[in-house]
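Beneath this line is the structure, given in structure tokens, with notes to follow.
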Number of protein chains: 2
Amino acid sequence: MVTEPVRPLRRNEIRQQNETLILQAAEKVFAEAGFGGATMQLIADLAGLPKANLHYYFATKEDLYRQVVQNIFEIWLHAADSMDNAPGPIEGIGAYIDAKMEISRRHPDGSKVWASEVMHGAPVIQDYLETTLRDWTTGRAALIQRWIDEGKMAPINPEHLLYMLWATTQHYADFGHQIETLNAGPLTDAQWQAAKASVKAMILRGIGAI
Amino acid sequence: MVTEPVRPLRRNEIRQQNETLILQAAEKVFAEAGFGGATMQLIADLAGLPKANLHYYFATKEDLYRQVVQNIFEIWLHAADSMDNAPGPIEGIGAYIDAKMEISRRHPDGSKVWASEVMHGAPVIQDYLETTLRDWTTGRAALIQRWIDEGKMAPINPEHLLYMLWATTQHYADFGHQIETLNAGPLTDAQWQAAKASVKAMILRGIGAI
DNA sequence: CTTAACCTTGACCATACGGTCAGGAAAAGA
DNA sequence: TCTTTTCCTGACCGTATGGTCAAGGTTAAG
């Protein structure tokens with residue numbers, strides 16, 4: 001095997017590289033074991049670093065966990081952009097479902113960490129729920145209400161629609177293991193497409209947009 | 001305060017009483033802290049028993065946890081009965097949604113424990129998934145397919161419909177904290193009824209049963 | 001070259017946890 | 001009543017975990 005001589009890394013690069021390395025490992029371990037079941041040693045092993053090095057970059061286990069959760073929350077919020085600037089529910093909600101299904105597929109661990117955090121009473125991100133998420137929710141609920149008023153969809157309670165969107169899309173990540181067991185294996189590309197199509201068809205028809 | 005003289009408990013009663021006491025406490029603690037975060041001491045305190053007494057009834061933490069998960073699974077399966085013997089999807093799926101929403105309301109802790117178990121790869125109930133749950137699923141999928149063939153609903157993929165039913169109803173338990181935060185307080189009776197109605201309306205219309 | 005700032009890590013510590021056990025109390029059986 | 005079985009519990013134990021630290025290495029700045 002030929003290993004090309006590696007230029008010594010600069011300070012910033014080292015820091016950046018190790019932090020993301022640790023965060024990736026942490027996300028996986030937290031997802032698989034939960035906060036209480038995760039150990040710094042497991043994360044360190046997965047990251048390929050000595051445990052003491054983790055504590056150099058992240059003072060405590062909570063700090064590391066908090067970072068992981070916040071990262072996920074960012075990704076979450078970005079998916080929302082697909083809903084804006086849409087002429088109606090078919091495009092807006094359709095795109096939102098696509099985006100969230102894609103996140104469930106690409107970041108199942110993040111989704112699990114988030115679910116776990118919320119299930120345990122959101123000890124770390126309660127303030128986010130009360131500020132950012134609440135604002136986001138009321139904004140989108142208003143958007144949905146506008147579509148209803150314009151006769152573009154049936155008069156559904158916007159909040160419950162949002163809950164259904166979250167629940168259905170995230171289920172493919174959070175309960176992925178159950179789905180894989182029932183499916184006798186991971187979903188194929190085609191099956192993911194079918195899932196997306198099914199969800200979109202059911203919800204868009206369910207809200208009277210089709 | 002008047003405390004009536006209590007007849008000394010018989011052996012069987014003691015055993016039964018303490019076991020359910022422990023199981024209830026365990027369900028709550030496991031739901032709030034996850035398996036890894038839960039401690040036997042916390043469960044003992046909540047049950048009002050010394051820790052050593054827990055180990056008298058349940059040899060290990062895993063044994064106790066396994067019991068909790070199995071109990072939930074039983075409740076889960078019973079809700080399925082509402083789906084059978086229904087003339088069509090409106091009655092069958094409608095009743096199933098009602099039943100599952102009621103479980104989410106009455107047994108939110110159980111739902112969380114189940115979700116946590118599945119999210120972490122179902123280390124304890126993998127065999128249930130592969131046997132009981134798979135059989136149940138294929139059976140109901142066949143039932144749904146029959147309704148489709150009889151023209152009682154649109155040609156939806158039955159598996160994805162089941163996932164949607166599970167996801168949507170359980171979301172009200174598993175993400176109850178998030179919902180309560182956005183709602184600025186627990187759902188009232190009326191709000192629960194509205195939630196049920198919304199879910200039923202969206203899904204039943206979504207599958208073309210209305 | 002010298003110095004300061006940053007990075008790395010093996011060894012170590014205090015604590016908390018799951019689990020054990022011996023010995024006693026209470027009920028059931030003979 | 002006497003014996004056996006079941007229940008109860010404080011005290012204890014080994015281990016694993018989060019976190020610390022001091023000493024050494026490496027890069028950047030002066």
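Because only heavy atoms are used, hydrogens play no part in the values below, and waters and symmetry mates are left out as well, while side chains stay in. Letters A, B, ... mirror the listed sequences (proteins, then strands); counts begin at 1.
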Quick one: pull up [atom1] in [X] and [atom2] in [Y] and give me the separation to the nearest 0.5 Å.
X         : Y         : atom1 : atom2 : value
Lys112(A) : Met119(A) : NZ    : CE    : 12.0 Å
Leu46(B)  : Ile22(B)  : CG    : CD1   : 11.5 Å
Leu77(B)  : Leu133(B) : CG    : CG    : 7.5 Å
Asn157(B) : Met164(B) : CG    : CE    : 11.5 Å
Trp114(B) : Ile72(B)  : CH2   : CD1   : 8.5 Å
Tyr56(A)  : Leu49(A)  : OH    : CG    : 13.0 Å

Tyr163(B) vs Val199(A), test: side-chain contact (heavy atoms from CB on, under 4.5 Å). Steps then yes/no. CA-CA 10 Å; Tyr163(B) 299 159; Val199(A) 169; over 6 Å; no
Nearest whole Å is fine: how far is [N] [atom2] from [X] [atom1]?
X        : N       : atom1 : atom2 : value
Phe58(A) : dT20(D) : CZ    : P     : 16 Å
Lys61(A) : dG19(D) : NZ    : P     : 8 Å
Leu21(A) : dC7(C)  : CG    : P     : 15 Å
Gln41(A) : dG10(C) : CD    : C1'   : 12 Å
Leu64(B) : dC17(C) : CG    : P     : 16 Å
Glu13(A) : dC7(C)  : CD    : C1'   : 15 Å
Tyr65(B) : dG18(C) : OH    : C1'   : 17 Å
Ile14(B) : dA28(C) : CD1   : C1'   : 12 Å

Taking only residues at least two apart or on different chains, which pairs with a member in residues 175-207 of chain A satisfy ring-ring contact (aromatic ring centres under 6.0 Å, His included)? His171(A)-Phe175(A)
Working for side-chain contact (heavy atoms from CB on, under 4.5 Å), residues Ile144(A) and Met153(A): CA-CA 9 Å; Ile144(A) 292 169; Met153(A) 53 180 282; 3.8 Å; yes
Residue pairs fulfilling side chain to side chain donor-acceptor pair (under 3.5 Å) with at least one residue in residues 135-144 of chain A, sequence neighbours excluded: Asp84(A)-Arg140(A)
Test: side chain to side chain donor-acceptor pair (under 3.5 Å). Region: residues 27-44 of chain B. Which pairs qualify, not counting sequence neighbours? Gln41(B)-Asp45(B)
Applying salt bridge (Lys or Arg N to Asp or Glu O under 4.0 Å), name anything that partners Arg134(B), two or more places apart in sequence or on another chain. none
Of all residues at least two apart in sequence or in a different chain, which pass the salt bridge (Lys or Arg N to Asp or Glu O under 4.0 Å) check with Arg105(B)? Asp189(B)
What are the residues of residues 25-40 of chain B, sorted by number, that bring a heavy atom to within less than 4.0 Å of DNA chain C? Ala38(B), Thr39(B), Met40(B)
For DNA chain D, the residues among residues 44-55 of chain B that have a non-hydrogen atom under 4.0 Å from it: Pro50(B), Ala52(B), Asn53(B)
Here the salt bridge (Lys or Arg N to Asp or Glu O under 4.0 Å) pairs for residues 89-104 of chain B, sequence neighbours left out, are Asp98(B)-Lys200(B), Glu102(B)-Arg106(B), Glu102(B)-Lys196(B)
Bend angle of the helix from dC1(C)-dG30(D) to dA30(C)-dT1(D) from five-pair axes at both ends, rounded to 10°? 10°
How would you list, by chain and number, every residue that makes a side chain to side chain donor-acceptor pair (under 3.5 Å) with Arg66(A), sequence neighbours excluded? Asp63(A)
Atom pairs under 3.5 Å, N or O on each side, protein against nucleotides 3-6 of chain D: can you list them with distances?
| unit_1 | atom_1 | unit_2 | atom_2 | d |
| --- | --- | --- | --- | --- |
| dT6(D) | O4' | Arg11(B) | NH1 | 3.4 |
| dT6(D) | O2 | Arg11(B) | NH2 | 3.3 |

Any N/O pairs under 3.5 Å between the protein and nucleotides 13-15 of chain D? List them or say none.
none

Once you measure the plane-to-plane angle for Phe35(A) and Phe30(A), does it fall in the parallel (<30°), tilted (30-60°) or perpendicular (>60°) bin? parallel
What does Tyr57(A) touch in the nucleic acid at a heavy-atom separation under 4.0 angstrom: a base, only the sugar-phosphate, or nothing? sugar-phosphate
